[in-house]
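One structure is given here, and the rest of the page talks about it.
The analysis underlying the following values was restricted to heavy atoms, covering all of them including side chains, and did not include hydrogens, waters or symmetry mates. All values derive from a computational prediction rather than experimental measurement.
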Amino acid sequence: MNTFNNLRPGRRVTFLIPNGIGRNGQEWKEKTGRVVMAFPTHVVVNGGGRYGTPYVVNENNFLKT
């Protein structure tokens with residue numbers, strides 16, 4: 001079941017991040033990472049990279065698990 005409420009630490013999640021402004025407004029890019037902390041309204045995701053870039057995912061930018 002791909003719902004935001006079932007996310008727990010260790011799960012992989014795909015979400016949208018801003019990717020600049022194009023001719024038609026804001027553009028978005030898909031990003032995948034692992035959930036580090038889960039809260040009722042949002043989760044914190046390790047986006048990878050040298051320092052483990054953190055991202056905040058909520059119901060608005062959540063895509064799938």
Side-chain angles (χ1 to χ4, degrees):
M1 195 170 197
N2 290 337
T3 63
F4 179 78
N5 296 329
N6 292 338
L7 295 179
R8 300 288 177 254
R11 302 272 316 255
R12 289 179 59 89
V13 62
T14 302
F15 54 97
L16 294 175
I17 59 172
N19 194 34
I21 297 178
R23 185 172 287 187
N24 298 322
Q26 182 69 51
E27 294 181 357
W28 300 90
K29 173 183 169 183
E30 287 187 14
K31 179 92 173 146
T32 302
R34 291 211 181 264
V35 175
V36 178
M37 293 185 286
F39 300 97
T41 58
H42 63 281
V43 294
V44 179
V45 175
N46 180 353
R50 184 174 181 184
Y51 301 108
T53 307
Y55 293 97
V56 176
V57 178
N58 57 29
E59 292 181 1
N60 297 329
N61 63 348
F62 170 74
L63 289 180
K64 60 185 177 181
T65 57

With a cut-off of 3.5 Å and sequence neighbours excluded, list every side-chain donor-acceptor pair involving residues 51-58.
residue : atom : partner : partner atom : Å
Asn58   : OD1  : Asn60   : N            : 2.9
Asn58   : OD1  : Asn61   : N            : 3.4

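- The shortest non-hydrogen separation linking Lys31 to Gly47 is NZ-O, 3.2 Å.
- Side-chain contact check for Thr65 versus Arg12: every heavy-atom pair is 4.5 Å or farther apart.
- In this structure, CG in Asn5 is found 6.0 Å from CD in Glu59, a value given to the nearest 0.5 Å.
- Remark: Lys29 NZ to Phe15 CZ distance equals 10.0 Å, nearest 0.5 Å.
- Gln26 places a side-chain N or O within donor-acceptor distance of the main-chain N or O of Gly20, the cut-off being under 3.5 Å.
- Listed for the Lys64 side chain is no donor-acceptor partner under 3.5 Å among the backbone atoms of Val13.
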Solution key, residues 32-46 side-chain donor-acceptor pairs under 3.5 Å, sequence neighbours excluded:
residue : atom : partner : partner atom : Å
Thr32   : OG1  : Thr14   : OG1          : 3.2
Arg34   : NH1  : Gly10   : O            : 2.8
Asn46   : OD1  : Gly48   : N            : 2.9

